[in-house]
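Reading through the C-alpha cells given below for one structure.
No experiment lies behind these values; they were computed from the predicted model shown.
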Amino acid sequence: MADTVSCPALDHFLNADNCFENIGGTSAVAYYFVKDDLSAPLELTGNVYSTPAFKTGKGLYRIDLKDETQQIKGDGQGNNKGYNLTYNAVIDAVNKKVSLLSRALQNLDIGIIVPDGQTGDTQIMYDPYKRVKVEQGGISSDTGAASGDDRQTSLEFHLNGVLYDNLYVTPPQTGGWDGLMVASS
C-alpha cells in the first residue's frame with residue numbers, strides 16, 4: 001500500500017506578520033554527506049527532515065564557499081507533479097584538492113545541508129530514494145585568463161521530483177552542524 005501524503009492546508013501570509021529582512025542568498029558554507037554514511041534514512045515531517053545521525057567514524061564534510069554565490073531554487077513542475085530543486089555554489093579555488101573533491105561530488109550519492117544565513121533555518125538537498133545529481137556541465141572549473149580573473153570551481157546540483165519547493169532539516173541540539181563533521185583526514 002502506497003504512503004498517503006496529504007496536502008498542507010492553506011494559511012495566511014500577511015505583510016504585517018513578515019517583519020524580517022528579505023535578503024537573497026544562503027550562507028557561504030555548506031555541508032555535504034554520503035547518504036550511505038547515515039545510520040538511518042532521514043525522516044520527513046511536512047517539509048522538514050530529521051537531524052541526520054551517522055555511522056561511527058562518518059559525518060559531514062564542510063566546504064567554505066565564495067561569498068554571495070550560493071542559491072537554492074525550487075521550480076514547480078505543474079499540477080500534482082512536484083518540484084525540482086537546484087543548488088548553485090562556487091568554490092573560490094582551482095587546485096589539486098578541489099579537483100579531487102569535484103570528482104567525489106559528481107559521482108557519489110550525496111546530500112547537501114545549506115544553512116540559510118538570512119532566516120536561521122537550514123535547507124537540505126536530500127531524498128532517501130533519489131540522487132542529488134550533477135548534470136552535464138554541472139561542475140566546471142575556470143583558471144581565468146588574466147591575472148585579475150577569479151580562479152573558481154562552479155557547482156550545480158539537482159534534485160528532481162520532490163514534494164516541496166524548499167526542504168529543511170532540523171539542526172543538531174548541541175554543537176551545531178560543525179559538531180557532526182567527520183574528522184579531517
Side-chain angles (χ1 to χ4, degrees), residues 1-9 11 26-27 29-65 70-89 91 100-117 119-139 154-183 185:
M1 180 182 203
D3 291 335
T4 302
V5 177
S6 61
C7 286
D11 199 355
T26 62
S27 68
V29 72
Y31 299 89
Y32 295 77
F33 62 92
V34 177
K35 284 173 36 179
D36 195 44
D37 290 349
L38 294 169
S39 58
L42 305 183
E43 294 181 24
L44 183 64
T45 303
N47 62 348
V48 180
Y49 277 104
S50 58
T51 305
F54 294 94
K55 296 174 184 172
T56 302
K58 304 296 182 179
L60 298 175
Y61 297 88
R62 178 181 165 148
I63 299 178
D64 290 335
L65 302 162
Q70 290 65 244
Q71 71 180 36
I72 295 177
K73 291 173 42 178
D75 294 313
Q77 299 304 296
N79 194 34
N80 296 325
K81 294 187 180 179
Y83 295 86
N84 293 344
L85 305 181
T86 303
Y87 174 61
N88 293 294
I91 299 173
L100 293 170
L101 179 62
S102 294
R103 185 169 183 222
L105 292 172
Q106 180 168 273
N107 294 323
L108 294 173
D109 191 5
I110 64 168
I112 307 169
I113 294 174
V114 183
D116 190 336
T119 66
D121 291 322
T122 304
Q123 295 196 40
I124 189 169
M125 295 276 289
Y126 169 83
D127 184 281
Y129 306 109
K130 297 177 182 171
R131 284 185 64 128
V132 173
K133 295 181 185 177
V134 174
E135 296 176 357
Q136 183 175 349
I139 295 180
S154 299
L155 311 170
E156 182 175 289
F157 299 94
H158 296 271
L159 178 58
N160 297 334
V162 296
L163 296 176
Y164 299 95
D165 58 345
N166 295 93
L167 295 169
Y168 295 88
V169 60
T170 304
Q173 292 281 329
T174 58
W177 294 111
D178 283 353
L180 293 180
M181 287 177 23
V182 69
S185 52

Fill in the blank from the handout: Residues Q123 and V169: closest non-hydrogen pair is O-CG1, 4.2 Å
Completion exercise
Nearest heavy-atom contact between Q70 and L65 is OE1-CB, 3.4 Å
Can you tell me how far the [atom1] atom of [X] sits from the [atom2] atom of [Y], to the nearest 0.5 Å?
X	Y	atom1	atom2	result
I91	I139	CD1	CD1	8.0 Å
F54	M181	CZ	CE	11.5 Å
I72	T86	CD1	OG1	10.0 Å

[X] atom [atom1]: more than 12 heavy-atom contacts under 6.0 Å:
X	atom1	answer
K35	NZ	yes
N107	CG	yes
Q77	CD	yes

Practice task
State, without any angle test, whether Y83 and N166 hold a side-chain donor-acceptor pair at a distance under 3.5 Å.
Solution key: no
Please check: side-chain N/O of [X] versus main-chain N/O of [Y], any donor-acceptor pairing under 3.5 Å?
X	Y	result
S39	A53	yes
R131	L108	yes
N84	G161	yes

Side chain proximity check, [X] to [Y], heavy atoms < 4.5 angstrom:
X	Y	answer
I113	Y126	no
L163	N47	no
L42	S50	yes
I110	Y61	no

Handout entry: Verdict with supporting geometry, L159 and K130, side-chain contact (heavy atoms from CB on, under 4.5 Å)
Key = CA-CA 7 Å; L159 178 58; K130 297 177 182 171; 4.0 Å; yes
Problem - Full working for side-chain contact (heavy atoms from CB on, under 4.5 Å) between F157 and L85 - result: CA-CA 8 Å; F157 299 94; L85 305 181; over 6 Å; no
Problem - Contact list for residues 155-166, test salt bridge (Lys or Arg N to Asp or Glu O under 4.0 Å), sequence neighbours left out - result: none
Exercise for the section: Could you list all the salt bridge (Lys or Arg N to Asp or Glu O under 4.0 Å) pairs where at least one residue sits in residues 73-82, not counting sequence neighbours? Expected result: none
Exercise for the section: Would you mind telling me which of Y87, Y49, Y168 makes a side-chain contact (heavy atoms from CB on, under 4.5 Å) with I124? Expected result: Y49
Problem - Test side-chain contact (heavy atoms from CB on, under 4.5 Å) applied to R62 and D64, step by step - result: CA-CA 7 Å; R62 178 181 165 148; D64 290 335; 2.8 Å; yes
Exercise for the section: Kindly determine whether Y32 and V132 satisfy side-chain contact (heavy atoms from CB on, under 4.5 Å), including the steps that lead there. Expected result: CA-CA 11 Å; Y32 295 77; V132 173; over 6 Å; no
